[in-house]
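To start, the structure under review is shown below, and the notes come after it.
Note that the structure is predicted; figures quoted are calculated from it, not measured. Lettering follows sequence order; numbering is per chain, from 1.
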Amino acid sequence: MKKMSDKINHHLNDAVLMAYSAGTLPEAFNLIVAAHLSLCDSCRAQAESFDALGGELLSQQPDVTLSGNCLSSTMDLIKGSDIVVPEAVSDTKSGVLPKPIRDYVGGDLESVKWKPIGMGVRQAILPTTKEASARLLFIPAGTAMPDHGHQGTEMTLVLQGAFQDEDGYFARGDVEIADSDLHHTPVADIHEDCICLAVADAPLQFDRLIPKIAQRFLRI
Amino acid sequence: MLWVSHMIRIRDEKDRAAFAELFDHFAPRVKGFLMKSGADATLAEECTQDVMAALWQKSHQFDPTRASVATWIFTIARNRKIDLLRRQRRPEPEDLPWGPEAEPDQADIVSLQQETEILGTALKSLPSAQRELIDKAYFGDLTHSEIAAQTGLPLGTIKSRIRLALERLRHTMK
């Protein structure tokens, strides 16, 4: 287990954490939230306090009548699974990818199936529901991503290295939330190749023609 | 506090009487919650059985310094709802397992449980317009940008308690 970083400067906001707790986010967004919470105890505690709110809402639900045999059917379910399946050995080895992302990749960085998308940048799309997309990005140290705007919401979580854009400096654990009003040109820090998880609920809009055409083929 | 001791009896002694009492209290509420979230009565009842069975099976994972029993049941029900109604995976943060000697401090349990009760009372006394916004966020289909996360509820004290509990866990894991 890596030491919990106290240096996270860019956090998730309450609206996202509440939606994560309520369970109403698209899968890709749930993934980036779970990954950030694995690295940030402050946001994890905030998310769990929204769970407490969910618990109190549940407690205050009006009772709904159950069928007469509901309890005995539940006991049957429990009995049926009494032969306890040993829990998978908790996979807490330290690495670049937090556990929720490793679950989608099937391992750490060495298992990522990168595809080049130009200028040394590589991406790997992760399999989530179509309401939103999730992809890992590899940006060589010092490289600038094409200037782009957003139609919907894009969130980017840094996993290795760092990038700088008009909004600030983002290092491991930091998450940038970009809405349609943000137009930015992220540049990877010169010291290390940058690896990020990026999720979006609408395709990015690139300013230059060529990336725009490429976008149709590359699903970025 | 009442339900925490039930959970401990279920965990340590596989106590069926404790489970039956907990079931009587929570299962109808879980069913109501699932129906409000869009399940029909039959599906909601099936799903409630899964949730309550999971409570028994996962009782060793319950951490009373971070969650009340209601909170914990809510998280199980929510995950089941995503699985069944929205048909998608629910990524969860990396697990923080209990170390072998990390039996929680009674005082920490009491504080967290009391603060959750205070939250429940505050929720009951919210003006109805505000309460409706929270209901919509949890049971409706609001996107995160439509959610008004300013609840006016005392969540800060609970957050600091959970934060401390997380720090202790990380400390024992070293």
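Both the backbone and the side chain of A/Leu53 have a heavy atom closer than 4.5 Å to some heavy atom of chain B. In this structure, chain A has no heavy atom under 4.5 Å from any part of B/Ser145. For B/Thr116, the parts sitting under 4.5 Å from any heavy atom of chain A are the backbone and the side chain alike. Proximity to chain A is limited to the side chain of B/Ile82, based on heavy atoms less than 4.5 angstrom apart. Heavy-atom distances place no part of B/Asn79 under 4.5 Å from chain A, backbone and side chain included. Looking at B/Val51, neither its backbone nor its side chain comes within 4.5 Å of chain A, counting heavy atoms on both sides. In this structure, no portion of B/Ala67 lies under 4.5 Å from any heavy atom of chain A. Interface remark: B/Leu142 contributes backbone atoms only to the contact with chain A (heavy atom separation under 4.5 Å). There is no contact between A/Ala35 and chain B, counting heavy-atom distances below 4.5 Å. Only the backbone of A/Thr65 comes within contact range of chain B, with at least one heavy atom under 4.5 Å from a heavy atom of that chain. Contact annotation for B/Ala20: both backbone and side-chain heavy atoms come within less than 4.5 Å of a heavy atom of chain A. Of the two parts of A/Thr24, the backbone and the side chain both hold a non-hydrogen atom closer than 4.5 Å to a non-hydrogen atom of chain B.
In terms of heavy atoms, B/Asp63 sits closest to B/Thr65 at OD1-OG1, 2.7 Å. When all heavy atoms are compared, the tightest approach of B/Ala53 to A/Thr74 is N-CG2, 3.8 Å. Residues A/Leu97 and A/Val112 come closest through the heavy atom pair CD1-CG2, 4.2 Å. Listed here is the closest heavy atom pair of A/Thr156 and A/Cys196: CG2-CB, 3.7 Å. The two atoms that bring A/Arg135 and A/Ile125 nearest to each other are CB-CA, 4.0 Å, heavy atoms only.
Of the residues considered (A/Ile32, A/Val33, A/Thr128, A/Leu57), A/Leu57 shows the highest number of contacts with chain B, using heavy-atom pairs under 4.5 Å. Note: B/Arg89 leads B/Gln88, B/Lys124, B/Arg89 in heavy-atom pairs under 4.5 Å with chain A. Contact count versus chain A (heavy atoms, under 4.5 Å) is highest, among B/Arg66, B/Gln150, B/Glu115, B/Arg90, for B/Arg90. Comparing A/Leu17, A/Asn30, A/Asp76 by how many heavy-atom pairs each has under 4.5 Å with chain B, the most go to A/Asn30. The greatest number of non-hydrogen atom pairs below 4.5 Å with chain B, out of A/Ser73, A/Ala47, A/Pro26, A/Ser67, is found for A/Ser67. With respect to chain B, the highest number of heavy-atom pairs below 4.5 Å among A/Pro62, A/Pro98, A/Ser49 belongs to A/Ser49. Among the candidates A/Asp14, A/Leu25, A/Val16, the residue making the largest number of heavy-atom pairs closer than 4.5 Å to chain B is A/Leu25.
In summary, the aromatic rings of A/Tyr20 and A/Phe29 are positioned with their centroids too far apart to meet the 6.0 Å limit. In summary, the aromatic rings of A/Phe163 and A/Tyr169 are positioned with their centroids too far apart to meet the 6.0 Å limit.
In summary, B/Arg80 and B/Asp50 engage in a salt bridge, as defined by a charged side-chain N under 4.0 Å from a carboxylate O. Ion pairing of A/Asp41 with B/Arg163 is absent here, as no side-chain N (NZ or NE/NH1/NH2) approaches a carboxylate O to less than 4.0 Å. Using a cutoff of 4.0 Å between basic side-chain nitrogens and carboxylate oxygens, B/Asp135 and B/Arg131 are scored as salt-bridged.
At least one side-chain heavy atom of A/Leu159 sits less than 4.5 Å from a side-chain heavy atom of A/Leu157.
For the pair B/Arg78 and B/Tyr138, the NZ or CZ position fails the cation-pi test of under 6.0 Å to the six-membered ring centre and within 45 degrees of the ring normal.
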